[in-house]
Amino acid sequence: MTIHEVKCGFLPLIDAAPLIIARELRFAHDEGIELQLIRQPSWSALRDLLALGQIDAAHMLSPMPLAMTLGQSGMPTAVDALMVLSVNGTVIGVSQSLARDMEKTGWTADFSSPAPAATALFGSKRKIIRIGIPFPFSMHRMLLEHWLSAHPSFRSNRVEIITVPPPRMADAVANGTLDMFCVGEPWGTAAVQQGVAELILPGSAIWQFAPEKVLGATHDWVEQHPDASRGLVRAIYRATRWLDQPTNKPLAVEILARSQHIDLPHEAIDPAISGQIVRRKGTPPISPDHFLFFQKNAGNFPWRSQAAWIAERIAAWGGLDHEDAVRRGMACFRSDLYREYLGPLGIDMPGASVKVEGALRASTAVSSTAGQMILGPDAFFDGAIFDFDTQ
């Protein structure tokens, strides 16, 4: 077997687990890949290394390949998203003082209702609400804007969005730089355990099936290294399937906690993996629906309709031509290669590569290459529907 060396960048987040497990459990080795994982301090650092060819592939925020391809983030670079690494897994938290102000409005902090949480947030009477996100081109920002823009106060410039690397979110709340954040685990849990923040919503309460991280590689690298690209996707698919098995979760926590990976105690990592989230220090854990998953319900599949939804928002932010941005953005999500790489293994695939986003309010059987598969739910909290064919 020919062995292909692949350098892959990642940030210390729970949703880097598919890459870490692919390496540590030798799924990558079995597919002919010598996978070198290179930890990065920030998304901008990872982006630049990928664009400059210093790494071959990367654990990426789902909008990053589109933003780079459209010339909106760093050096313009055509980047492909070969598969989705994780669905959901983000949390929204506020400082303890802001949580108390929200409670004074009558808010019940039920961790599942975005509209009342937004009303309480703006009812807190704060002139400016400073919200931390990990990167400007992120699902975090898109979820926040979709959620808060439904409230009239969002349009009165009461929100300031600030970029903060995930491991520094808790410090930014503690020192008063931020009132609020949206971040991937384990960094929301870390802020709670440090006693500086309380969680008010999971990202899945805003959109039940948000593609959070993807496996990205430059288009040129994918074209020049088809065997390495194929082996990498196959190895990570095996890792995501392993991660979604309940019996494997304790070992996953142990592996992720190692110093070269996330380097946090087990109790900071376990909540996201187990789905048992503590929203306020000292309170019992709760189990949000669809909090984080890796492979089930076609979670890995790079839906081009999701790419279109993301591209529309990037086009609006940058004043880009809508049709061109959507066309080029959809091409970044390589459902064609996903089918080519995994189809021969007999893995079931959706019958189409686009769907109506937000239409499934419950798990639903749809046509697939094997006959039928279960998708969803994928609803937006406000009932929004995104039908690419009608845009």
Could you check Arg327 against Asp324 for salt bridge (charged side-chain N to carboxylate O under 4.0 Å, His left out), going step by step and ending with a plain yes or no?
-> CA-CA 5 Å; Arg327 176 183 59 80; Asp324 179 69; 2.6 Å; yes

So, Arg304 and Asp336, do they make that salt bridge, N to O below 4.0 Å?
-> yes

Assess the side chains of Thr369 and Arg339: does a donor N or O sit below 3.5 Å from an acceptor N or O?
-> no

For the hydrophobic clusters of this structure (ILVMFWY residues joined by side-chain heavy atoms under 4.5 Å, transitively), does one cluster hold both Ile38 and Ile255?
-> yes

Any donor-acceptor pair under 3.5 Å from His225 side chain to Trp221 backbone | yes

Return all side-chain donor-acceptor pairs below 3.5 angstrom for residues 188-206, not counting sequence neighbours, or 'none' if the list is empty.
residue	atom	partner	partner atom	Å
Thr189	OG1	Glu185	OE1	3.4
Thr189	OG1	Glu185	OE2	2.3
Gln193	NE2	Glu267	O	2.9
Glu198	OE1	Arg100	NH2	2.9
Glu198	OE1	Arg280	NE	3.1
Glu198	OE1	Arg280	NH2	3.4
Glu198	OE2	Arg100	NH1	2.9
Glu198	OE2	Arg100	NH2	3.0
Glu198	OE2	Arg280	NE	3.4
Ser204	OG	Asp289	O	3.3

N-O pairing of Asp80 and Arg334 below 4.0 Å | yes

List the atom of Pro211, the atom of Ser62, and the distance in Å for their closest heavy-atom pair.
-> O-OG, 2.6 Å

Looking at CZ of Phe154 and CG of Leu144, how far apart are the two atoms once the value is rounded to the nearest 0.5 Å?
-> 8.5 Å

State whether a side-chain donor-acceptor pair under 3.5 Å links Thr177 with Asn175.
-> yes

Basic-acidic side-chain contact under 4.0 Å: Asp101, Lys104 = yes

Answer yes when Arg258 and Glu24 have at least one side-chain N-carboxylate O distance shorter than 4.0 Å, and no when they do not.
-> yes

Would you say the side chains of Glu357 and Ser305 form a donor-acceptor pair under 3.5 Å?
-> yes

Min side-chain heavy-atom separation Leu61-Glu212 under 4.5 Å | yes

Does CD belonging to Glu323 count more than 12 external heavy atoms closer than 6.0 Å?
-> no

Could you pull out the closest heavy-atom pair between Leu82 and Ser229, with the gap in Å?
-> CD1-OG, 3.5 Å

Heavy-atom check, side chain of Trp242 versus side chain of Gln295, under 4.5 Å | no

Lys296 bridged to Asp244 by N-O distance under 4.0 Å = no

Walk me through it: do Leu243 and Asn248 pass the test side chain to side chain contact (heavy atoms under 4.5 Å, CB included)?
-> CA-CA 6 Å; Leu243 279 161; Asn248 295 331; over 6 Å; no

Residue list, side-chain hydrogen bond (donor to acceptor under 3.5 Å, both in side chains) with Arg130, at least two apart or on another chain = Asp179

Quick one: does Trp187's side chain have a donor or acceptor within less than 3.5 Å of a partner on Pro12's backbone?
-> yes

Is any NZ, NE, NH1 or NH2 atom of the basic residue among Lys249 and Asp270 found under 4.0 Å from an Asp or Glu carboxylate oxygen of the other?
-> no

Could you tell me which non-hydrogen atom of Asp15 sits nearest to which non-hydrogen atom of Leu85, and how far apart they are?
-> O-CB, 4.3 Å

Group every Ile, Leu, Val, Met, Phe, Trp and Tyr by side-chain heavy-atom contacts under 4.5 Å, then state whether Ile162 and Val94 land in the same group.
-> yes

Decide if the gap between the ring center of Trp207 and the ring center of Trp309 is smaller than 6.0 angstrom.
-> yes

Do Leu375 and Thr364 have side chains that get closer than 4.5 Å, going by heavy atoms?
-> no

Does the side chain to side chain contact (heavy atoms under 4.5 Å, CB included) test come out yes or no for Leu121 and Met180, once each step is laid out?
-> CA-CA 10 Å; Leu121 181 67; Met180 179 175 169; 3.7 Å; yes

Does a salt bridge link Asp263 with Arg39, judged by any charged N lying under 4.0 Å from a carboxylate O?
-> no

When rounded to the nearest 0.5 angstrom, what distance separates CD1 in Ile262 from OG in Ser259?
-> 12.0 Å

Is there a side-chain contact between Trp303 and Val354, using heavy atoms and a 4.5 Å cut-off?
-> no

Asp348 side, atom CG; Phe301 side, atom CZ - distance, nearest 0.5 Å | 11.0 Å

Is any side-chain heavy atom of Pro165 closer than 4.5 Å to a side-chain heavy atom of Pro134?
-> no

Closest approach of Leu215 to Ala57 (non-hydrogen atoms, all atoms of both residues) | CD1-CB, 4.2 Å

So, do Ser353 and Phe333 sit near enough that their side-chain heavy atoms are less than 4.5 Å apart?
-> no

Would Ile236 and Phe27 satisfy side chain to side chain contact (heavy atoms under 4.5 Å, CB included), going step by step from the backbone distance to the final call?
-> CA-CA 7 Å; Ile236 293 171; Phe27 295 140; over 6 Å; no

Do you reckon Leu251 sits in the same ILVMFWY cluster as Ile21, going by side-chain contacts under 4.5 Å, direct or chained?
-> yes

Aromatic centroids of Phe380 and Phe209 separated by under 6.0 Å | no

Run the side chain to side chain contact (heavy atoms under 4.5 Å, CB included) check on Ile286 and Gln276 step by step: do they pass?
-> CA-CA 5 Å; Ile286 54 180; Gln276 298 287 306; over 6 Å; no

Just list the side-chain donor-acceptor pairs under 3.5 Å for residues 64-76, sequence neighbours left out, or say none.
residue	atom	partner	partner atom	Å
Thr69	OG1	Pro65	O	2.7
Thr69	OG1	Val79	N	3.0
Thr69	OG1	Val79	O	3.4
Ser73	OG	Arg47	NH1	3.1

Are the side chain of Asp378 and the backbone of Gly358 linked by a donor-acceptor contact shorter than 3.5 Å?
-> yes

Between Arg141 and Glu145, is the closest basic N to carboxylate O distance under 4.0 Å?
-> yes

Is a side-chain donor or acceptor of Ser42 paired with a backbone partner of Ala45 at a separation under 3.5 angstrom?
-> yes

Same cluster for Ile128 and Ile161 if Ile/Leu/Val/Met/Phe/Trp/Tyr side chains link at under 4.5 Å?
-> no

Heavy-atom pair with the smallest gap, counting every atom of Gly132 and Met169 = C-CE, 3.6 Å

Separation between CD (Glu340) and CG (Leu337), nearest 0.5 Å, reads 5.5 Å

Distance-minimising heavy-atom pair for Cys182 and His140 = O-CD2, 3.5 Å

Supply the atom-to-atom distance Trp107 CH2 to Ser124 OG, rounded to the nearest 0.5 angstrom.
-> 11.0 Å

Under a 4.5 Å cut-off applied to non-hydrogen side-chain atoms, are Val159 and Ile131 in contact?
-> yes

Does a donor on one side chain sit under 3.5 Å from an acceptor on the other, for His4 and Glu34?
-> no

Does a side-chain heavy-atom distance below 4.5 Å link Ile14 with Ile273?
-> yes

Look only at the side chain of Thr119 and the backbone of Ala115, and say whether a donor-acceptor pair between them is shorter than 3.5 Å.
-> yes

Without hydrogens or angle criteria, can the side chains of Asn297 and His290 be said to hold a donor-acceptor pair below 3.5 Å?
-> no

